[in-house]
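Here's the structure we're looking at; comments come further down.
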Amino acid sequence: MTVLLIGSGGREHTILKKLAESPEIDKLYAIPGNGAMTDIAECVSIGVKDLDAITAFAKEHKVDFAVVAPDDPLVLGLVDCLEGIGIPCFGPSKLAAEIEGSKVFSKNLMKKYGIPTAAYEVFDNIEDALKYVDTAELPLVVKADGLALGKGVLICQTTLEAIAALREIMEDKIFGASGSRVVIEEFLTGPEVSVLSFTDGKVVVPMVSSMDHKRAGDNDTGLNTGGMGTVAPNPYYTEEVAKECMETIFLPTMNAMNAEGRTFKGCLYFGLMLTPKGPKVIEYNCRFGDPETQVVLPLLESDLFTIMKAVAEEKLAETEVKFRDGHACCVILASNGYPKKYESGFPITMPETLKHGAQVYVAGAKRAEDGTLLTAGGRVLGVTAVADSLKEAIANAYDAAADVTFENAYKRNDIGARAMAAYENKGE
Ligand code: AMP
Ligand code: GLY
């Protein structure tokens with residue numbers, strides 16, 4: 001079969017490597033892919049938002065199945081376009097992708113169907129929003145309605161900060177058109193857990209849980225990034241919590257989307273906070289998380305392509321989704337200066353095979369004419385190690401990452417430390 005993957009990051013590299021293991025696939029295309037993927041996929045230089053060009057390419061190259069990984073093409077409706085010409089896809093329709101594409105939509109959905117989330121108000125004009133924050137309880141959280149590269153969230157400790165946030169989002173449009181409407185919500189506390197799930201609209205099958213490290217610096221200091229590392233599973237996500245989430249969040253969300261005529265098929269990502277009042281939804285994503293995927297899929301034992309096809313055919317209930325016991329840790333190597341200004345174009349060196357069976361998932365790299373892999377982005381790559389214990393997974397990921405080098409590389413040195421502390425507190 002010929003399979004097309006849309007996307008170019010570390011998440012996509014992880015998905016691609018997993019798909020390449022499937023005996024059913026004999027040809028892989030990636031649009032646009034990146035310089036590190038060319039050994040397993042033919043990379044085609046088309047923009048992920050160019051729906052017409054992607055659809056034409058898929059038709060011309062007789063693609064049998066497509067996997068749409070990033071949020072932008074999903075929210076724009078690429079799955080509808082491809083399915084419209086008879087190509088089955090893994091990924092939600094445009095209507096279903098709105099669960100990530102609009103925070104106002106997702107908050108209203110949760111309110112209507114009683115799914116636990118932070119209390120909130122929606123504003124589409126700044127005067128009303130300013131009036132509201134004048135008397136609202138602090139701290140509070142201001143979110144731009146639409147997609148903002150995961151950055152449209154500002155946590156405000158004071159009224160002055162909230163006023164500044166509203167002006168930046170709604171007047172200065174620092175997140176573009178996505179700031180025409182804002183959600184202002186209650187500040188929640190508690191450990192955060194990412195749960196990616198497969199769903200075909202009939203059942204929800206959660207994958208192994210994970211923990212992201214969003215801040216740039218050690219001990220969760222510095223600016224928010226796309227994610228500097230991950231571990232799986234997440235120690236806070238106990239069996240008891242998992243059961244509660246299934247009953248109060250996962251199934252109600254699937255049923256709510258069905259009831260709205262927006263059946264969600266694909267990977268539904270639940271960003272959860274385990275608050276003193278129980279698990280609540282911080283955000284939904286309509287896709288695999290990055291860099292959560294880099295620790296979740298390496299623990300998947302079942303064939304990813306078989307699962308993806310089953311989701312598309314609404315046969316997930318009959319399909320085995322098995323994860324191995326054990327732990328995974330992914331350490332991101334970024335370009336120094338990320339998430340602000342950084343330089344690119346440095347050669348990346350790494351051994352053919354990494355120590356401890358670790359894997360490299362490349363996010364931002366391109367091939368020079370002589371075949372050298374060069375850095376081309378803020379987050380350059382992730383190194384993932386899998387082991388029986390978290391301690392070993394962390395040690396192995398760092399040890400393997402030490403053999404991957406490029407000028408100006410930057411990484412956090414404490415990925416997994418919070419999870420280790422949580423296990424130690426539980427006496428494990
Ligand atoms: P989001 O893009 O919605 O995932 O938000 C980014 C990050 O902001 C989350 O991972 C949380 O750490 C934080 N955050 C978002 N909403 C809230 C909230 N209501 N209370 C506390 N922290 C929040
Ligand atoms: N790691 C968070 C996300 O993928 O949105």
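Just follow the structure's listing: the first ligand is 1, and inside any ligand the first atom is 1. The analysis underlying the following values was restricted to heavy atoms, covering all of them including side chains, and did not include hydrogens, waters or symmetry mates. A quick note: this is a predicted structure, and the numbers were derived from the prediction, not measured.
- Counting heavy atoms closer than 4.0 Å to ligand 1, residue Lys143 contributes side-chain atoms (C-beta onward) but none from N, CA, C or O.
- The distance criterion of under 3.5 Å between nitrogen or oxygen atoms is not met by Glu283 with respect to ligand 2.
- Although no hydrogens or angles enter the test, the distance criterion places a donor-acceptor pair under 3.5 Å between the side chain of Asn34 and the main chain of Ala36.
- Arg379 places a side-chain N or O within donor-acceptor distance of the main-chain N or O of Gly226, the cut-off being under 3.5 Å.
- Donor-acceptor pairing under 3.5 Å is lacking for the side chains of Asp399 and Asn396.
- By the criterion of a heavy-atom distance under 4.0 Å, the side chain of Glu292, and not its backbone, is placed next to ligand 2.
- Few gaps surround CD on Glu171; more than 12 heavy atoms of other groups in view lie less than 6.0 Å from it.
- A salt bridge links Arg324 to Asp388: one of the charged nitrogens lies within less than 4.0 Å of a carboxylate oxygen.
- Those atoms of ligand 1 with a heavy atom of Lys103 less than 4.0 angstrom away are 3 (O).
- Residue contacts with ligand 2 for Tyr269 involve side-chain atoms from C-beta outward but no N, CA, C or O (heavy atoms, distance under 4.0 Å).
- Checked by atom type, the side-chain pair Tyr113/Asn108 shows no donor-acceptor distance below 3.5 Å.
- Atoms of ligand 2 found under 4.0 Å from any heavy atom of Gly289, numbered from 1 in the order shown, are 4 (O).
- Checking Lys214, Glu283, Lys280, Met273 against atom 7 (C) of ligand 1, the nearest heavy atom belongs to Lys214.
- Evaluated by nearest non-hydrogen atom to atom 11 (C) of ligand 1, the leading choice among Glu100, Arg215, Glu186, Glu192 is Glu192.
- With hydrogens and angles left out, the side-chain atoms of Tyr361 and Glu12 include no donor and acceptor closer than 3.5 Å.
- At a cut-off of 3.5 Å, with distance as the only test, no side-chain donor of Asn234 or Ser210 sits close to an acceptor on the other residue.
- Numbered from 1 in the order shown, with element, the atoms of ligand 2 that lie under 4.0 Å from a heavy atom of Asn285 read 3 (C), 5 (O).
- When heavy-atom distances to ligand 1 are checked against a 4.0 Å cut-off, Val141 comes that close only through its side chain, counted from C-beta outward.
- Only the side chain of Arg287 comes within 4.0 Å of ligand 2, counting heavy atoms alone; its backbone N, CA, C and O stay farther away.
- Interface atoms of ligand 1 facing Glu185, defined by a heavy-atom separation under 4.0 Å, are 16 (N), 17 (C), 18 (C), 19 (N).
- Here's the thing with Ala118: none of its N/O atoms is less than 3.5 angstrom from an N/O atom of ligand 1.
- Counting the atoms of ligand 1 from 1 in the order shown, those under 4.0 Å from a heavy atom of Val153 are 1 (P), 2 (O), 3 (O), 5 (O), 8 (O), 15 (C).
- No hydrogens or angles considered: nothing links the side chains of Asp212 and Thr230 as a donor-acceptor pair under 3.5 Å.
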